[in-house]
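One structure is given below, encoded as structure tokens.
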Amino acid sequence: MRGRYDQFGEAGVGSSAASEGGGGFGGGQQVDLSDIFSDFFGGGGGGGMGGGGRGRQRQGPVAGDDLRFDLEIDFDKAVFGGKQKINIRHKETCGTCKGDGVKPGSSVKTCSSCRGAGVVMQVTRTPLGNFQTQQACPSCRGEGKMVDEYCGTCSGQGIEQKSKDITISIPPGVEDGNKLRVRGEGDAGAKGAPAGDLYIFLKVKKDTRFRREGPEIYSEVAISYVNAILGSTEKVDTVDGVVDIKVPAGTQPGQVMRIKNKGAPRLGNKDVRGDHFVTVNIQIPKRLSDKERKLVEQLREV
């Protein structure tokens with residue numbers, strides 16, 4: 001932790017990405033500043049300038065990072081949901097050593113330098129007094145144990161990078177910018193620690209026929225000026241297919257008509273759906289035949 005913080009700052013303790021080109025999830029992991037100061041000043045509740053506090057014990061395994069995957073889905077799948085197969089790259093527990101980093105059959109002993117603590121203390125004399133620090137044991141690399149031979153598959157890390165296909169369930173009613181959480185599909189933790197989670201950020205493709213705002217869907221239909229005057233039955237595309245709507249006589253340009261329960265399901269309650277709103281555009285011809293002109297003129301004189 002200290003080395004990553006020294007080199008990269010807060011970005012050094014962030015998360016990685018499961019999809020190519022994806023950024024780290026959220027704002028990175030939360031950093032406990034007390035751990036950082038303990039690394040520098042010896043920690044353990046009082047081991048500082050002239051202090052003789054207890055040495056800090058080895059920390060347990062750190063959980064794996066959460067990952068982010070950016071996924072683009074079709075408009076219809078966002079409305080009705082469905083299954084989606086994706087390929088991710090993440091760290092998994094090494095299959096050879098089962099995560100402990102030790103080559104199968106190799107012996108493991110308690111480190112004699114640190115007596116299993118994983119850290120060693122160092123006292124420096126200064127004009128202000130004794131300055132006590134602690135650092136990872138160089139003999140056992142902070143593990144507290146000595147291994148005859150580490151696993152060659154994962155180089156003793158206990159984890160390895162792998163590609164994996166998983167199938168996720170997209171609930172009905174999701175929208176652009178929603179995110180899904182898949183537990184345990186982030187990076188595996190070191191030395192048997194639990195894996196992080198996979199967060200899938202959704203981007204919904206545009207549909208030239210529809211526009212969506214929450215559960216409500218909007219579209220347009222073009223009708224002739226004659227049908228607007230006299231009324232008609234028009235066919236309209238919806239997410240459920242083509243339906244007939246009745247256009248009343250005297251319909252005005254831009255008039256909006258509602259088709260109940262033909263919108264998208266509400267997220268978390270697929271049985272409740274929004275409405276579909278249709279804006280009526282009236283087509284005015286730029287040219288008329290002689291017969292059409294006479295009829296319109298007669299209409300004007302009525």
**Message:** Is a donor from one side chain sitting under 3.5 angstrom from an acceptor on the other, for Ser219 and Asp237?
**Reply:** no

**Item:** Spacing of Lys205 atom NZ and Glu72 atom CD [to the nearest 0.5 Å]
**Value:** 5.0 Å

**Item:** Under 3.5 Å donor-acceptor, Lys98 side chain and Gly95 backbone
**Value:** yes

**Prompt:** At their closest point, which heavy atom of Val204 faces which heavy atom of Asp74, and how far apart are they?
**Reply:** CG1-O, 4.2 Å

**Asked** What is the minimum heavy-atom distance between Gly118 and Cys114, and which atoms define it?
**Response** N-SG, 3.1 Å

**Request:** Indicate, with yes or no, if Val120 and Val123 share a hydrophobic cluster defined by side-chain heavy-atom contacts under 4.5 Å among Ile, Leu, Val, Met, Phe, Trp and Tyr.
**Result:** no

**Request:** Indicate yes or no: at least one non-hydrogen side-chain atom of Lys91 is less than 4.5 angstrom from one of Lys162.
**Result:** no

**Item:** Donor-acceptor contact present, side-chain Asn269 to main-chain Arg266, <3.5 Å
**Value:** no

**Asked** With a cut-off of 6.0 Å (strictly less than), are more than 12 heavy atoms of other residues, nucleotides or ligands near CZ of Arg115?
**Response** no

**Item:** Cys111 and Met146, any side-chain heavy atoms less than 4.5 Å apart
**Value:** yes

**Request:** Measure from the side-chain N and O atoms of His90 to the backbone N and O of Asp187, and report whether any donor-acceptor pair falls under 3.5 Å.
**Result:** no

**Heavy-atom pair of closest approach, residues Gly189 and Ile159** = O-CG2, 3.7 Å

**Fill in**
Nearest heavy-atom approach of Pro248 to Gln255 is CG-NE2, 4.5 Å

**Message:** Go through it in stages, so that I can follow the logic: the residues are Arg89 and Gln161, the test is side-chain contact (heavy atoms from CB on, under 4.5 Å), and I'd like the CA-CA distance, side-chain angles, deciding distance and then a yes or no.
**Reply:** CA-CA 7 Å; Arg89 288 189 60 81; Gln161 190 81 21; 3.1 Å; yes

**Request:** Check whether any side-chain heavy atom of Met257 sits under 4.5 Å from a side-chain heavy atom of Lys246, and report yes or no.
**Result:** no

**Asked** Does the pair Arg273/Asp240 count as a salt bridge with the N-to-O cut at 4.0 Å?
**Response** yes

**Prompt:** Can you list the steps and then say if Val174 with Ile73 is a side-chain contact (heavy atoms from CB on, under 4.5 Å)?
**Reply:** CA-CA 10 Å; Val174 296; Ile73 60 175; 4.0 Å; yes

**Asked** Between Gln84 and Thr167, is any pair of side-chain heavy atoms under 4.5 Å apart?
**Response** no

**Message:** If you apply the rule side chain to side chain donor-acceptor pair (under 3.5 Å), what do you find for Asn87 with Ser163, and how did you get there?
**Reply:** CA-CA 7 Å; Asn87 180 270; Ser163 178; 3.0 Å; yes

**Fill in**
Here the gap from Tyr199 atom OH to Arg181 atom CZ, rounded to the nearest 0.5 Å, amounts to 3.5 Å

**Asked** Yes or no on side-chain contact (heavy atoms from CB on, under 4.5 Å) for Val239 and Phe210, after CA distance, side-chain angles and deciding distance?
**Response** CA-CA 9 Å; Val239 292; Phe210 308 122; 4.1 Å; yes

**Least distance between heavy atoms, Lys83 atom then Lys77 atom** = O-NZ, 3.0 Å

**Prompt:** Can you find a heavy atom in the side chain of Val278 that is under 4.5 Å from one in the side chain of Thr238?
**Reply:** no

**Common cluster, Val256/Val236, ILVMFWY with side-chain heavy-atom separation under 4.5 Å** = no

**Request:** To the nearest 0.5 Å, tell me how far Ile170 CD1 sits from Ile200 CD1.
**Result:** 7.5 Å

**Request:** Taking all non-hydrogen atoms of both residues into account, name the closest pair between Ala195 and Gly184 and its distance.
**Result:** CB-O, 3.8 Å

**Asked** So, the side chain of Asp66 versus the backbone of Leu198: is there a donor-acceptor pair under 3.5 Å, distance only?
**Response** no

**Request:** Using atom types as modelled and distance alone, determine if a side-chain donor or acceptor of Glu216 lies under 3.5 Å from a backbone N or O of Asp275.
**Result:** yes

**Request:** Would you indicate whether Lys203, at its atom NZ, is surrounded by more than 12 heavy atoms from other residues, nucleotides or ligands within a distance under 6.0 Å?
**Result:** no

**Prompt:** Is it true that the NZ or CZ of Arg68 lies under 6.0 Å from the centre of Phe201's six-membered ring and within 45 degrees of the ring axis?
**Reply:** yes

**Request:** Please say which of Thr153, Thr93, Thr96 ends up in a side chain to side chain contact (heavy atoms under 4.5 Å, CB included) with Glu160.
**Result:** Thr153

List, one per line, each side-chain donor-acceptor pair under 3.5 Å for residues 228-235, sequence neighbours excluded.
{"from": "Ser232", "atom 1": "OG", "to": "Glu234", "atom 2": "OE2", "distance (Å)": "2.7"}
{"from": "Glu234", "atom 1": "OE2", "to": "Asn227", "atom 2": "ND2", "distance (Å)": "3.4"}
{"from": "Lys235", "atom 1": "NZ", "to": "Asp244", "atom 2": "OD1", "distance (Å)": "3.2"}

**Item:** Student check: side-chain heavy atoms of Ile223 and Asn281 closer than 4.5 Å
**Value:** no

**Prompt:** Same cluster for Phe277 and Ile217 if Ile/Leu/Val/Met/Phe/Trp/Tyr side chains link at under 4.5 Å?
**Reply:** no

**Request:** Test side-chain contact (heavy atoms from CB on, under 4.5 Å) on Leu180 and Leu202 and set out the steps.
**Result:** CA-CA 8 Å; Leu180 308 177; Leu202 300 177; 4.2 Å; yes

**Item:** Cluster overlap Val79 with Val272, hydrophobic side-chain contacts below 4.5 Å
**Value:** no

**Request:** Say whether, by atom type as modelled, one donor and one acceptor occur between the side chain of Asp148 and the main chain of Ser106 under 3.5 angstrom.
**Result:** no

Which pairs would a plain distance check flag for residues 290-302, meaning a side-chain donor or acceptor within less than 3.5 Å of a matching protein atom at least two apart in sequence or in another chain?
{"from": "Glu292", "atom 1": "OE1", "to": "Ser289", "atom 2": "N", "distance (Å)": "3.0"}
{"from": "Glu292", "atom 1": "OE1", "to": "Ser289", "atom 2": "OG", "distance (Å)": "3.4"}

**Request:** Check whether Ile259 and Val242 end up in the same hydrophobic cluster, where Ile, Leu, Val, Met, Phe, Trp and Tyr are linked by side-chain heavy atoms less than 4.5 Å apart.
**Result:** no

**Item:** Linked hydrophobic residues, Val108 as query - side chain contacts closer than 4.5 Å
**Value:** Val102, Val147, Tyr150

**Asked** Atom CD1 of Ile166 and atom CZ of Phe69: how far apart are they, to the nearest 0.5 Å?
**Response** 8.0 Å

**Side chain to side chain, Pro215 and Pro265, heavy atoms closer than 4.5 Å** = no

**Message:** Given the ring of Tyr218, does Arg211 sit roughly above its face, with NZ or CZ under 6.0 Å from the centre of the six-membered ring and within 45° of the axis?
**Reply:** yes

**Complete:** Separation between CD1 (Ile245) and NE2 (His276), nearest 0.5 Å, reads 8.5 Å

**Message:** Whether Arg183 and Glu185 form a salt bridge (side-chain N of Lys/Arg under 4.0 Å from carboxylate O of Asp/Glu) is what I want to check.
**Reply:** no

**Item:** Rounded distance (nearest 0.5 Å) linking atom OG1 of Thr279 with atom CD of Glu220
**Value:** 5.5 Å

**Prompt:** More than 12 foreign heavy atoms under 6.0 Å from NZ of Lys103: is that the case here?
**Reply:** no

